[in-house]
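Please read the structure below before turning to the comments.
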Amino acid sequence: MAALCLHLFYREKMAHPAKQKYMPFCRSLFVGEKLSWEDLEIFFHVAESGGLSAAGRLTGLSPPTVGRRMLALEQRAGQSLFRRAQTGYSLTPAGKALHDRVRVMHSSAVPVQDMLRARQQTPLIRLSARTATAHFLADKFSLLNRSSDGFRLNFVTTEAVLDIAHREVDLGIRNQPAGAGNLASLRLGILRFAAYRSWSVGNPDLLGWVAIDPAHAKHAAVQWLHAQGHDISVLANSIATVHDLVRAGAGIGVMPCMIGDCDPLLARVSPVIDELTEQQYLVMHDDDRHRPPIRRLIERLTKIYQDNGPLLAGERPMRGDAASS
């Protein structure tokens, strides 16, 4: 961080017209020497506090270490920067001149340090999920992430299985447990599927089916629909578009009960399709699962699945459940 702060200072501040004022002085004072921001920061605290003990508390160094670092800095400068007395440290003319420049550098570096510290305190957790699961969880965002949490969430919505072992994401919700590698799995809950249509469509008996096109038919539910021999009247290349088309009355579509049963514009037209029932797992890197932010998110995901178990299992149809007819 020290090197970054010094680099940013020179890049941003030294582009200022004051560059002609600051740089020649620093170069003349430390001829042939590569300046260390850490030493200049220690110098700044000694100059501001007037002593080694106070500077040590601010830098986390012992007073003897601070004293040695200042002696080394003076040797590199080739002149005294401090007057030493029993009452403390005061600046020589050369020390005052250096202090004027370093104070500007310090005021430039502090915002950079604060920015980096803030980002360090709010790590980003990448959670991957299929489209329907991401939609389900996004609706419950307030249960997953709060403003007081020490992390931020990055939803990675994809039908692909990302590589957690090589840190493509931190957590993944899948329909299979972790395979080989340094991974761990946690059972979340049972997910069931059914067929749905628009509740307001005028002639439901005339509806065809809406499906994912064969080129994008990766999921078992999509492949099942193509194998049934139904009259497929509309194709799409994403689950989200299938949902939108079904809501618009374009046809009948297969979707997870956690989506279809929560949509007031839809009605079930089939019982639960047993052969599509799947177990959902939360997959994580084994080295990360005990990190406090990730542990907290795992606990919240687990609770959401526990609290919504009947919905996920298709036991809470909003209307039109063909299983009861």
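Only this structure's heavy atoms are used, side chains among them; waters, hydrogens and symmetry mates stay out. What you are looking at is a predicted structure, and each value in this text was computed from that prediction instead of being measured.
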Indicate the atoms forming the closest heavy-atom contact of Ser270 with Ala195, along with that distance. OG-N, 2.9 Å

In this structure, would Phe44 and Leu58 fall into the same cluster of hydrophobic residues linked by side-chain contacts under 4.5 Å? no

Should Val161 and Leu171 be counted in the same cluster of Ile, Leu, Val, Met, Phe, Trp and Tyr side chains packed under 4.5 Å apart? no

Look only at the side chain of Ser185 and the backbone of Val283, and say whether a donor-acceptor pair between them is shorter than 3.5 Å. no

Under a 4.5 Å side-chain heavy-atom rule over Ile, Leu, Val, Met, Phe, Trp and Tyr, are Leu162 and Met284 clustered together? no

Within the side chain of Arg192, is there an N or O that forms a donor-acceptor pair under 3.5 Å with the backbone of Val272? no

Separation between CG (Leu137) and CG (Leu153), nearest 0.5 Å, reads 9.5 Å

Decide yes or no on side-chain contact (heavy atoms from CB on, under 4.5 Å) for Arg296 and Phe151, but give the supporting numbers first. CA-CA 10 Å; Arg296 193 175 307 123; Phe151 64 87; 3.8 Å; yes

State plainly whether one hydrophobic cluster holds both Val169 and Ile125, where clusters connect Ile, Leu, Val, Met, Phe, Trp and Tyr through side-chain heavy atoms under 4.5 angstrom apart. no

Quick one: ring-ring contact (aromatic ring centres under 6.0 Å, His included) partners of His230, sequence neighbours excluded? Trp209

Nearest heavy atoms of Leu52 and Pro63, plus distance in Å: CD1-O, 3.8 Å

Check the pair Arg289, Asp170 against salt bridge (Lys or Arg N to Asp or Glu O under 4.0 Å), reporting the backbone distance first and the verdict last. CA-CA 9 Å; Arg289 60 190 176 125; Asp170 302 297; over 6 Å; no

With sequence neighbours left out, what residues match Arg83 under side chain to side chain donor-acceptor pair (under 3.5 Å)? none

Side chain of Gln279, backbone of Gln176: donor and acceptor closer than 3.5 Å? no

Looking at every non-hydrogen atom in both residues, tell me the closest pair between Leu191 and Pro256 and how far apart they are. CD1-CB, 4.0 Å

Look only at the side chain of Thr59 and the backbone of Ile42, and say whether a donor-acceptor pair between them is shorter than 3.5 Å. no

Verdict with supporting geometry, Phe155 and His135, ring pair (Phe, Tyr, Trp, His ring centres under 6.0 Å): CA-CA 10 Å; Phe155 284 85; His135 178 86; over 10 Å; no

Is it the case that the side chain of Asn203 and the backbone of Leu206 share a donor-acceptor pair, with hydrogens and angles ignored and the cut-off at 3.5 Å? no

Once rounded to the nearest 0.5 Å, what's the spacing between atom CZ of Arg167 and atom CZ of Arg126? 8.5 Å

Looking at residues at least two apart in the chain, or sitting in another chain, which of them share a side chain to side chain donor-acceptor pair (under 3.5 Å) with Ser53? none

Give every residue pair that meets the ring pair (Phe, Tyr, Trp, His ring centres under 6.0 Å) criterion with at least one member in residues 237-266, sequence neighbours excluded. none

Joint cluster assignment, Leu235 & Ile252, ILVMFWY side-chain distance < 4.5 Å: yes

Main-chain N/O of Thr131 paired to Glu159 side chain as donor or acceptor, under 3.5 Å: yes

Looking only at atom types and distance, does a side-chain atom of Arg101 sit under 3.5 Å from a main-chain N or O of Ala97, one as donor and one as acceptor? yes

Out of curiosity, Leu143 CG to Asp307 CG, how far, rounded to the nearest 0.5 Å? 8.0 Å

I'd like to check the side-chain contact (heavy atoms from CB on, under 4.5 Å) partners of Ala129; sequence neighbours left out, ordered by chain and number. Thr133, Ala134, Ile173

Let me see the working for Glu278 and His219 under side-chain contact (heavy atoms from CB on, under 4.5 Å), right down to the final yes or no. CA-CA 11 Å; Glu278 63 183 45; His219 192 271; 3.2 Å; yes

Calculate, to the nearest 0.5 Å, the distance between atoms CG and CZ belonging to Leu297 and Arg291 respectively. 11.0 Å

Under the rule for ring-ring contact (aromatic ring centres under 6.0 Å, His included), what residues qualify as partners of His45, not counting sequence neighbours? His106

Enter the distance from Leu81:CG to Thr92:OG1 here, rounded to the nearest 0.5 Å. 5.5 Å

Does the side chain of Arg247 reach to within under 4.5 Å of the side chain of Ser198, using non-hydrogen atoms? no

Got a sec, which pairs hit ring pair (Phe, Tyr, Trp, His ring centres under 6.0 Å) with one end in residues 48-74, sequence neighbours left out? none

Partner set under side chain to side chain donor-acceptor pair (under 3.5 Å) for Asp205, not counting sequence neighbours: none

Qualifying residues under ring-ring contact (aromatic ring centres under 6.0 Å, His included), relative to Tyr89, sequence neighbours excluded: Phe82

Apply side-chain contact (heavy atoms from CB on, under 4.5 Å) to the pair Phe136 and Leu312, showing each step before the final yes or no. CA-CA 10 Å; Phe136 169 72; Leu312 292 158; 4.3 Å; yes

The side-chain contact (heavy atoms from CB on, under 4.5 Å) partners of Thr302 (sequence neighbours excluded) come to Leu186, Leu188, Ile298, Gln306

With sequence neighbours left out, what residues match His285 under ring-ring contact (aromatic ring centres under 6.0 Å, His included)? none

Look at the side chain of His226 and the backbone N and O of Ile212, then say whether any donor-acceptor pair between them is shorter than 3.5 Å. yes

Rounded to the nearest 0.5 angstrom, the CG-CZ distance for Asp261 and Arg316 is 10.5 Å

Which heavy atom of Phe43 sits nearest to which heavy atom of Gly95, and what is that distance? CZ-O, 3.5 Å

Are any side-chain N or O atoms of Asn308 and backbone N or O atoms of Leu311, one a donor and one an acceptor, separated by less than 3.5 Å? no

List for me each residue that meets side chain to side chain donor-acceptor pair (under 3.5 Å) alongside Lys140, sequence neighbours excluded, and say none if there are none. none

